[in-house]
Protein chains: 2
Amino acid sequence: MDTIGFEAHDHKGCVRDAIAAVEAHCTRHKLQFTPVRRRVLEILLSEHRAMGAYEILDTLRTEGLGSQPPVAYRALDFLVTNGFVHKIERLNAFIACTHPGQDHTPAFLICRQCDAVAEAHAEPSKGMLGRAAADTGFTIEQAVVEAMGLCPQCRESVHPCA
Amino acid sequence: MDTIGFEAHDHKGCVRDAIAAVEAHCTRHKLQFTPVRRRVLEILLSEHRAMGAYEILDTLRTEGLGSQPPVAYRALDFLVTNGFVHKIERLNAFIACTHPGQDHTPAFLICRQCDAVAEAHAEPSKGMLGRAAADTGFTIEQAVVEAMGLCPQCRESVHPCA
DNA sequence: CATCAGATGTTATGATATCACATATGGAGA
DNA sequence: TCTCCATATGTGATATCATAACATCTGATG
Ligand SMILES: [Zn+2]
Ligand SMILES: [Zn+2]
Ligand SMILES: [Zn+2]
Ligand SMILES: [Zn+2]
């Protein structure tokens, strides 16, 4: 199973495991997993959905962990840079990674109805894109792949228009 | 050749042809290709790069075609909706389509050094992404595919760090 | 002419993101 | 220990991107 996000799962365990994985990764790479950074990751993990920076900041504020935008953006920048969180460009929002610590290139399935987001695995330099890049001499370093559409649940509930 | 953008070409002709194609498409589909909409498309075509809405608005303003953000955003919305212009999510910017009028799903190669953008062709429901979607029952309606990296020219000029 | 849909003009505001500068903290080396 | 320095944080201000709301205009239809 590679893409979770549209199905029920052991949420408590998933949060715990993710935090543990990030902790281990930070120790190994001498990265500072500070309280704000940890808390931002926890918020994203516990909600399990894409959240805007200001929405995260609201929570931090009530907990006395920072009240100004740079606090949230700096923590998010750290988490994104190190691959623990991904930015969903289409939503200007952030979501916790489902494979923290592992080197991977994510792709996302975003439901336009309920905003649920599932992380899948993308092969960057394979397929059309890789061919086009190779043809033109372009060097791909990173890729944003975000599919919009309807998740299984919302697909059910949409009236058939017929 | 499917991806232009990193190479020299007949620019005058490319602008003329694109405008003509859009004009024809609008006539056929009873869409109003108004002065503001036409001018915004011309600006994007002539610059041949990704431009922010406010940058476009600056030009409109000097020409008396509108001075407030909604003017630019409404024109861009029309052009994007009808596939004559694409939004580059990663840059919060817009770029003229290189296949206007044709039904297609674009992918982009974006140079992080010089901000040049090339449009390529993506096959949405093929490959990893399509598989992941099919596995989970997700229905893909639209996709954002944007690769970041170095274009051929910038790749040359970057010092080797060695 | 009356009506209406679509396009535009304009003011204000909302949402997202960064700059700039002060302060704190903790480890490496003199 | 003390100094230095890199990294992280606190905070106010500001930049950048985008839309809401409402008035007005214009052309097509009947
Ligand atoms: Zn991930
Ligand atoms: Zn859904
Ligand atoms: Zn296109
Ligand atoms: Zn370049």
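Hydrogens, waters and symmetry mates play no part in the numbers below; they use all other heavy atoms, side chains included. To find a chain, count down the sequence lines: A is the first, B the second, and so on, and within it residues start at 1. Note that the structure is a prediction, hence the values are computed from the model and not measured.
When the ring pair (Phe, Tyr, Trp, His ring centres under 6.0 Å) test is applied to B:F94, no partner is found at least two apart in sequence or on another chain. Legend: residues meeting salt bridge (Lys or Arg N to Asp or Glu O under 4.0 Å) with A:R49, ordered by chain and number and at least two apart, are A:E47, A:E55. Partners of A:D115 by salt bridge (Lys or Arg N to Asp or Glu O under 4.0 Å), not counting sequence neighbours: none found. By the side-chain hydrogen bond (donor to acceptor under 3.5 Å, both in side chains) test, B:D58 is found to be paired with B:R61, residues two or more places apart in sequence or in another chain being considered.
Contacts with DNA chain D (heavy atom under 4.0 Å) in residues 23-42 of chain A: A:Q32, A:T34, A:R37, listed by number. Within a heavy-atom distance below 4.0 Å of DNA chain C, the residues of residues 52-68 of chain B found are B:L65, B:Q68. Residues from residues 81-97 of chain B with heavy atoms under 4.0 angstrom of DNA chain D, sorted by number: B:K87, B:N92.
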Side-chain donor-acceptor pairs under 3.5 Å in residues 31-39 of chain B, sequence neighbours left out?
| unit_1 | atom_1 | unit_2 | atom_2 | d |
| --- | --- | --- | --- | --- |
| B:R37 | NH1 | B:Q32 | O | 2.8 |
| B:R38 | NH2 | B:E23 | OE2 | 2.1 |
| B:R39 | NE | B:E63 | OE1 | 2.8 |
| B:R39 | NE | B:E63 | OE2 | 3.2 |
| B:R39 | NH1 | B:E42 | OE1 | 3.0 |
| B:R39 | NH2 | B:E63 | OE2 | 2.8 |

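For the atom pair CD1 (B:I88) and CD1 (B:I110), the distance works out to 5.0 Å, reported to the nearest 0.5 Å. To the nearest 0.5 Å, atom CG of residue B:L91 and atom CZ of residue B:R112 are 13.5 Å apart. Here the OG atom belonging to A:S67 is positioned 7.0 Å from the CG atom belonging to A:L57, to the nearest 0.5 angstrom. Residue B:T59 holds its OG1 atom at 5.0 Å from CE of B:M51, rounded to the nearest 0.5 Å. Atom-to-atom distance recorded for B:L76:CG and B:I56:CD1 is 4.5 Å, nearest 0.5 angstrom. Atoms CD and CE, from A:E141 and B:M148 in turn, are 8.5 Å apart once rounded to the nearest 0.5 Å.
The span of DNA chain C lying next to chain B, judged by atoms under 4.0 Å from heavy atoms, is bounded 5' to 3' by C:dG6 to C:dT11.
Within the structure, ring-ring contact (aromatic ring centres under 6.0 Å, His included) pairs that include any residue of residues 52-78 of chain A do not occur (at least two apart or interchain). Applying the salt bridge (charged side-chain N to carboxylate O under 4.0 Å, His left out) rule to pairs touching residues 69-89 of chain B yields A:R90-B:E89, sequence neighbours excluded.
When each of A:H25, A:H104, A:H86 is tested with A:H99 by the rule ring pair (Phe, Tyr, Trp, His ring centres under 6.0 Å), just one qualifies, namely A:H104.
A:H121 and A:Q102 share no side-chain donor-acceptor pair at under 3.5 Å.
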Point to revise | Annotated protein contacts, base or backbone, on nucleotides 20-30 of chain D with a non-hydrogen cut-off under 4.0 Å, one of B, S, - each | key: BB---------

